[in-house]
Amino acid sequence: MTFDKKHRPQVLSDVVFASSDVQQTLEDYANNKRDKHLLLYGPKGTGKSVSAELIMRERLGSIWQAGLAEPFNAKAYAAQHDSFGPILSQWNWQLSAGALAGCSIVDEIDQFTLPMQHKLRAFIDQYEMGVVIATTNNLHLVDGPLKDRFRPVFVDYPSVAQWVLRVVAVMTAEGIPITSSQAQVLLSGFEGSGRTLNDWIEDYVLRLQGAVHKLTNPAASGVTPAQILTIHNTTEGK
Ligand SMILES: Nc1ncnc2c1ncn2[C@@H]1O[C@H](COP(=O)(O)OP(=O)(O)O)[C@@H](O)[C@H]1O
Ligand SMILES: [Mg+2]
């Protein structure tokens, strides 16, 4: 399993958001408190797709199962379908399994051609038993009237300080317990997306594990925080 997959957020509260308002809005969606179609937009690697999946999973609750909740990618979808029948049928399956409302994900909605965007608008005007959660890195490519059917939510990169707890959680899961202040030191100078962050943590974990291996002290089975910082200092500038 890839590092990214292993540490993929499992619940919406694992996702780090730059804005607490955005976090609250998305939690409201996850708790079925909001029913307007949702459009997550912002730069790539801010957690839009993973948030969409977790919102859907939490909305469907106990009836969630992979077969009932496959996210659609607009480009792949349009290569196979020219109508929204498959989304309608996903909603019907979910409703027959006991869902209160249907829920479908359209990732990278901007990849639909304009005629397909028009069809989607007509579709969601006609059928009201489901919610579409769409994502895009290119809001300007989403047709205005379609956009109006959605609640647009801007998902931005979290700050370094906001990433700290996530880094602590991932490092701890990798058997490298560190404190928040140590994570803050490690993160100094980090700029980038959640996807980059995963690559960056993976690099660190591998370097630290390699360094620990080389420690001559046979008692050094686990890594202590003090060792982390020593190793950090000696591997800085890799
Ligand atoms: N805000 C975040 N909080 C936690 N993990 C994140 C976040 N953003 C990205 N990631 C990690 O990066 C991976 C890719 O994120 P993704 O949701 O595909 O980004 P986007 O759709 O915005 O381009 C996720 O599976 C997750 O592991
Ligand atoms: Mg995405």
Side-chain angles (χ1 to χ4, degrees), residues 4-5 8-9 12 15 17-19 22 25-26 28-30 32 34-60 64-97 99-157 193-196:
D4 203 59
K5 204 161 179 188
R8 198 174 164 78
L12 189 61
V15 181
F17 292 101
S19 148
V22 165
T25 302
L26 301 192
D28 291 345
Y29 271 98
N32 285 304
R34 294 178 187 269
D35 289 313
K36 188 167 180 181
H37 304 291
L38 174 64
L39 175 57
L40 302 176
Y41 71 98
K44 65 178 161 53
T46 48
K48 299 179 299 297
S49 297
V50 74
S51 299
E53 277 180 49
L54 295 171
I55 292 169
M56 170 153 82
R57 187 185 280 232
E58 290 172 30
R59 281 180 80 89
L60 293 176
W64 182 91
Q65 50 172 287
L68 285 182
E70 273 316 309
F72 296 109
N73 174 276
K75 200 169 188 173
Y77 185 100
Q80 289 179 23
H81 313 286
D82 64 357
S83 80
F84 288 93
I87 288 189
L88 187 60
S89 101
Q90 191 175 53
W91 290 353
N92 279 326
W93 280 110
Q94 292 168 348
L95 292 168
S96 60
L100 298 172
C103 184
S104 291
I105 293 174
V106 178
D107 256 321
E108 323 246 351
I109 194 173
D110 55 279
Q111 299 291 311
F112 279 143
T113 58
L114 210 50
M116 201 61 178
Q117 293 194 25
H118 293 161
K119 275 189 197 169
L120 177 56
R121 190 190 72 206
F123 170 77
I124 60 184
D125 283 349
Q126 186 178 355
Y127 296 97
E128 293 190 342
M129 77 268 217
V131 170
V132 175
I133 305 177
T135 73
T136 180
N137 304 331
N138 303 296
L139 186 64
H140 63 285
L141 296 179
V142 183
D143 190 39
L146 176 60
K147 214 174 346 188
D148 286 348
R149 267 64 179 179
F150 286 79
R151 179 185 176 120
V153 171
F154 176 56
V155 185
D156 202 358
Y157 290 128
S193 72
R195 205 179 276 119
T196 323

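Values reported hereafter were calculated over all heavy atoms of this structure, with side chains retained and with hydrogens, waters and symmetry mates removed. Source: prediction; values computed, not measured. Counting begins at 1 with the first residue of the sequence.
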Verdict with reasoning, Asp156 to Ser19, per side-chain contact (heavy atoms from CB on, under 4.5 Å): CA-CA 8 Å; Asp156 202 358; Ser19 148; over 6 Å; no
Would you indicate whether the side-chain heavy atoms of His37 and Arg151 approach each other to under 4.5 Å? no
Residues passing the salt bridge (Lys or Arg N to Asp or Glu O under 4.0 Å) test with Glu53, sequence neighbours excluded, are Arg8
Could you point out which residue of Asp107, Thr136, Asn137, Thr135 forms a side-chain hydrogen bond (donor to acceptor under 3.5 Å, both in side chains) with Lys48? Asn137
Arg121 and Pro145 have their tightest heavy-atom pair at NH1-CB, 3.3 Å
What distance separates Leu139 CG from Lys147 NZ, expressed to the nearest 0.5 Å? 4.5 Å
For the student: nearest non-hydrogen atoms of Arg59 and Asp35, plus distance: NH2-OD1, 2.8 Å
Hey, does Leu146 have a side-chain heavy atom less than 4.5 Å from the side chain of Ile109? yes
Roughly how far, to the nearest 0.5 Å, is NZ of Lys119 from CG of Asp82? 4.5 Å
Provide the closest heavy-atom pair for Gln111 versus Ala74 in the form atom of the first, atom of the second, distance. CB-CB, 4.0 Å
Mind checking whether Val142 and Phe150 have side chains closer than 4.5 Å, heavy atoms only? no
If we only count heavy atoms from C-beta on, is the Tyr127 to Ile87 side-chain gap below 4.5 Å? no
Taking atom OG of Ser51 and atom CE of Met56, what is their separation to the nearest 0.5 Å? 13.0 Å
Phe112/Phe84 under ring pair (Phe, Tyr, Trp, His ring centres under 6.0 Å): CA gap, chis, key distance, verdict: CA-CA 12 Å; Phe112 279 143; Phe84 288 93; 5.6 Å; yes
Looking at every non-hydrogen atom in both residues, tell me the closest pair between Tyr157 and Pro43 and how far apart they are. OH-CB, 3.7 Å
Residues two or more places apart in sequence or in another chain: which of them pass ring-ring contact (aromatic ring centres under 6.0 Å, His included) with His118? none
Hey, could you give me the CD/CG distance between Gln117 and Leu141, rounded to the nearest 0.5 Å? 8.0 Å
Flag the pair Phe154 / Phe17 as yes when their ring centroid distance falls below 6.0 Å, and as no otherwise. no
Could you give the distance from CG (Leu12) to OH (Tyr29), rounded to the nearest 0.5 Å? 13.0 Å
Over 60° means perpendicular and under 30° means parallel, so classify the ring planes of Phe72 and Tyr77, tilted if in between. perpendicular
With a sphere of 6.0 Å drawn around CH2 of Trp64, does it hold more than 12 non-hydrogen atoms of other residues, nucleotides or ligands? yes
Of all the heavy-atom pairs spanning Gln90 and Ser104, show the shortest one and how long it is. OE1-OG, 2.5 Å
Just wondering, do Leu26 and Leu38 contact through their side chains at under 4.5 Å, heavy atoms? yes
Might you point out which heavy atoms bring Met129 and Leu95 nearest each other, and give the distance in Å? CG-CD1, 3.5 Å
At what distance, to the nearest 0.5 angstrom, does OG of Ser49 lie from NZ of Lys44? 12.5 Å
Look at the side chain of Asn138 and the backbone N and O of His140, then say whether any donor-acceptor pair between them is shorter than 3.5 Å. no
Step through the shown structure and confirm whether more than 12 heavy atoms of other residues, nucleotides or ligands are within 6.0 Å of NZ on Lys36. yes
